[in-house]
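First up is the structure itself, then whatever we jot down about it.
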Amino acid sequence: MRCIRTLSLAVALLPLCAMAQQDSVAQKPFVVEQTYWIKPGKELQFISLFEKTQVPLLQGKMKEGRVLWIQMTRPNFNATIEQWDLQVSVAWRDADSAMGQVPPVKSQLTTEQQIMDELIVEHTDVPVQQWTVNAAGAQ
């Protein structure tokens with residue numbers, strides 16, 4: 001399942017990577033929103049494991065200058081089973097930086113990563129566009 005998600009993200013990013021190479025002068029951050037649906041009652045366990053395993057990796061990429069910012073969001077109230085449990089938005093410096101994040105498939109996952117995978121009901125990675133709206137309109 002992890003391989004399919006990684007492959008689908010890589011395929012989704014290919015056209016954007018090509019566009020980023022064409023317009024390297026005025027590049028904006030390349031934002032990817034990761035959304036997780038977790039097994040009921042296991043949300044806090046998943047978030048704890050995510051903060052322990054994934055956040056340090058992203059912080060390392062921030063120190064390298066590849067990631068500009070990271071934002072984690074969860075709903076205050078989970079009203080329905082279909083509602084997501086965690087959203088992680090990562091602003092990459094550019095599409096090339098995001099493409100470099102896809103690691104080769106590992107033959108052996110850590111115990112924490114295996115537990116995280118077992119807690120996930122569904123996971124999506126979606127490149128998004130963000131902009132600021134001010135009183136005069138969109139920028």
Rounded to the nearest 0.5 Å, what's the gap from CD1 on Ile38 to CD on Glu118? Could you check?
12.5 Å

Residues two or more places apart in sequence or in another chain: which of them pass side-chain contact (heavy atoms from CB on, under 4.5 Å) with Leu57?
Gln54

To the nearest 0.5 angstrom, please state how far the CE atom of Met62 sits from the CG atom of Leu68.
7.5 Å

In this structure, CG of Leu119 is separated from CD of Gln45 (nearest 0.5 Å) by 5.0 Å

What one should report as the nearest heavy-atom pair of Gln83 and Pro75 is NE2-CB, 2.9 Å

Kindly work out whether a path of hydrophobic side-chain contacts (I/L/V/M/F/W/Y, heavy atoms less than 4.5 Å apart) joins Val55 to Trp92.
yes

Might you point out which heavy atoms bring Phe30 and Pro127 nearest each other, and give the distance in Å?
CZ-CB, 3.8 Å

Looking at Lys39 and Val121, what are the two nearest heavy atoms and their distance?
N-CG2, 3.5 Å

The criterion is side-chain contact (heavy atoms from CB on, under 4.5 Å); which residues satisfy it with Gln130, sequence neighbours excluded?
Val31, Trp69, Val128

Roughly how far apart are Lys42 NZ and Asp85 CG, rounded to 0.5 Å?
13.0 Å

Check side-chain contact (heavy atoms from CB on, under 4.5 Å) between Glu64 and all other residues, then give those that pass, not counting sequence neighbours.
Lys61, Arg66

Rounded distance (nearest 0.5 Å) linking atom CG of Leu49 with atom CD of Gln114:
12.0 Å

What residue among Glu43, Gln34, Met72 forms side-chain contact (heavy atoms from CB on, under 4.5 Å) with Leu86?
Met72

Contacts of Tyr36 that satisfy ring-ring contact (aromatic ring centres under 6.0 Å, His included) - sequence neighbours left out:
Phe46, Phe50, His123

Any residue meeting side-chain contact (heavy atoms from CB on, under 4.5 Å) with Lys52, in chain and number order, not counting sequence neighbours
Glu112

Partners meeting salt bridge (Lys or Arg N to Asp or Glu O under 4.0 Å) with Glu33 (sequence neighbours left out)
none

